[in-house]
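Remarks on the structure that follows.
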Amino acid sequence: MKANFPTGQFISRLKAKGLKATPQRLSVHQAMTELGHASADMVCEWISSHSDTRVTVASIYNILSQLTALGFYRHRLSANNKMFFDVSTGPHMHLYDIADNEYRDIVDDELAELVESHLKRKRFRGYKVEYIDIQIVCHPTRKHKKQQDKQ
């Protein structure tokens, strides 16, 4: 699952939020579109090898955080307490590979509907549910690891 909007739409959304389409923001968005789920370090590495734009990891983190606060991306916190960002803001679940600290999107409408219908009947005193975030924590099987090593 990739970004919900192409570069032209990204620029329009930035302008609607009162932000300029700076080379740094455009490079970060391009990296996120390619990576899907990434930390600021991963985005910095991608930009260094695919773009002429100069931007520090700290600036990338600030851009990602700002764009997440505005609804462009979502946060994902890995088991090793590293902040990842997700370009897919629509309903979906994640497989989180605890061994390699990687995320994979899962779209399972049947499971999502089952969980949502169950939670609609529940009351959480003093809280209102914003959205449901399901993360399945896993590790690669030996067979899968061997397949990855061959690639």
Side-chain angles (χ1 to χ4, degrees), residues 1-113 115-116 119 128-151:
M1 185 176 286
K2 293 287 184 176
N4 295 335
F5 41 91
T7 302
Q9 192 176 350
F10 176 72
I11 292 169
S12 297
R13 287 185 66 192
L14 283 174
K15 288 179 182 177
K17 301 283 186 182
L19 297 174
K20 292 181 181 178
T22 64
Q24 293 81 6
R25 286 188 182 118
L26 293 173
S27 291
V28 167
H29 182 67
Q30 185 179 8
M32 286 300 298
T33 299
E34 290 298 317
L35 298 170
H37 304 92
S39 66
D41 293 329
M42 293 166 71
V43 171
C44 187
E45 186 177 305
W46 190 94
I47 290 172
S48 293
S49 60
H50 293 88
S51 173
D52 294 332
T53 305
R54 304 269 247 174
V55 60
T56 66
V57 176
S59 293
I60 291 170
Y61 184 82
N62 290 338
I63 290 168
L64 288 168
S65 295
Q66 178 186 46
L67 295 176
T68 298
L70 293 171
F72 288 77
Y73 310 129
R74 284 222 174 126
H75 286 115
R76 306 251 21 110
L77 186 61
S78 70
N80 65 353
N81 289 325
K82 190 167 200 165
M83 184 61 68
F84 280 73
F85 297 86
D86 185 357
V87 295
S88 301
T89 58
H92 67 287
M93 296 167 274
H94 290 96
L95 268 182
Y96 172 63
D97 177 344
I98 197 166
D100 296 322
N101 290 307
E102 293 179 350
Y103 288 93
R104 291 181 185 248
D105 288 334
I106 302 173
V107 177
D108 186 330
D109 294 335
E110 183 181 354
L111 178 58
E113 187 178 312
V115 170
E116 189 174 320
L119 289 176
K128 182 181 178 200
V129 175
E130 278 189 45
Y131 62 91
I132 298 166
D133 185 8
I134 298 174
Q135 178 169 292
I136 302 165
V137 179
C138 59
H139 65 273
T141 61
R142 287 183 188 168
K143 182 179 178 180
H144 182 73
K145 203 68 165 156
K146 286 180 184 177
Q147 288 173 345
Q148 284 182 324
D149 291 342
K150 288 179 183 179
Q151 295 176 353

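All residue numbers in this chain count up from 1 along the given sequence.
- The CG atom of D100 sits 12.0 Å away from atom OG of S78, with the distance rounded to the nearest 0.5 Å.
- When side chains are defined from C-beta on, T7 does not count as touching Q30, because their heavy atoms never get closer than 4.5 Å.
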(request) Report the C-alpha separation of V43 and Y61 in whole Å, then their side-chain angles, then the decisive distance to 0.1 Å, and conclude whether the side-chain contact (heavy atoms from CB on, under 4.5 Å) test is met. (result) CA-CA 9 Å; V43 171; Y61 184 82; over 6 Å; no
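- T89 and G71 get closest at one heavy-atom pair: CG2-O, 3.7 Å.
- In this structure, the separation between CZ on F84 and CG on L64 is 12.0 Å, given to the nearest 0.5 Å.
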(request) Quick one: do R76 and Q135 satisfy side-chain contact (heavy atoms from CB on, under 4.5 Å)? Show the steps, please. (result) CA-CA 10 Å; R76 306 251 21 110; Q135 178 169 292; 2.6 Å; yes
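- Here the closest non-hydrogen pair linking I47 and A31 is CG1-CB, 4.2 Å.
- The shortest heavy-atom contact between T68 and F85 is OG1-CD2, 3.2 Å.
- Every residue meeting the salt bridge (Lys or Arg N to Asp or Glu O under 4.0 Å) condition with D41, not counting sequence neighbours, appears here in chain and number order: K82.
- Residues T53 and S27 share a closest heavy-atom pair of OG1-OG, 2.8 Å.
- The backbone N or O of I63 lies less than 3.5 Å from no partner atom in the side chain of R25, so there is not a single donor-acceptor pair.
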(request) Kindly determine whether D86 and H94 satisfy side-chain contact (heavy atoms from CB on, under 4.5 Å), including the steps that lead there. (result) CA-CA 10 Å; D86 185 357; H94 290 96; 2.8 Å; yes
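- Ring geometry for Y103 versus Y96: interplanar angle of 30 to 60°, hence tilted.
- Between C44 and V55 the shortest heavy-atom distance is SG-O, 4.2 Å.
- Both cation-pi conditions hold for R13 and F72: the charged atom is under 6.0 angstrom from the six-membered ring centre and inside a 45 degree cone around its axis.
- Note: H37 and H92 have tilted aromatic rings, judged against thresholds of 30 and 60 degrees for the angle between ring planes.
- A donor atom on one side chain and an acceptor atom on the other are not found under 3.5 Å apart for H139 and D97.
- To the nearest 0.5 Å, atom CD of residue E34 and atom NE2 of residue H29 are 10.0 Å apart.
- In terms of heavy-atom proximity, D105 sits nearest to S88 at OD2-OG, 3.6 Å.
- Q66 is listed as a side-chain neighbour of L19, based on a closest heavy-atom distance under 4.5 Å.
- Here the side chains of L14 and L70 are not in contact, with every heavy-atom distance at 4.5 Å or above.
- Between the CE atom in M32 and the CG atom in L67 there is a gap of 9.5 Å [rounded to 0.5 Å].
- In this structure, CD1 on I106 lies 8.5 Å from CG on L111, to the nearest 0.5 angstrom.
- In this structure, the separation between OG on S39 and CD on E45 is 8.5 Å, given to the nearest 0.5 Å.
- Shown here are the salt bridge (Lys or Arg N to Asp or Glu O under 4.0 Å) partners of E116, two or more places apart in sequence or in another chain: K120.
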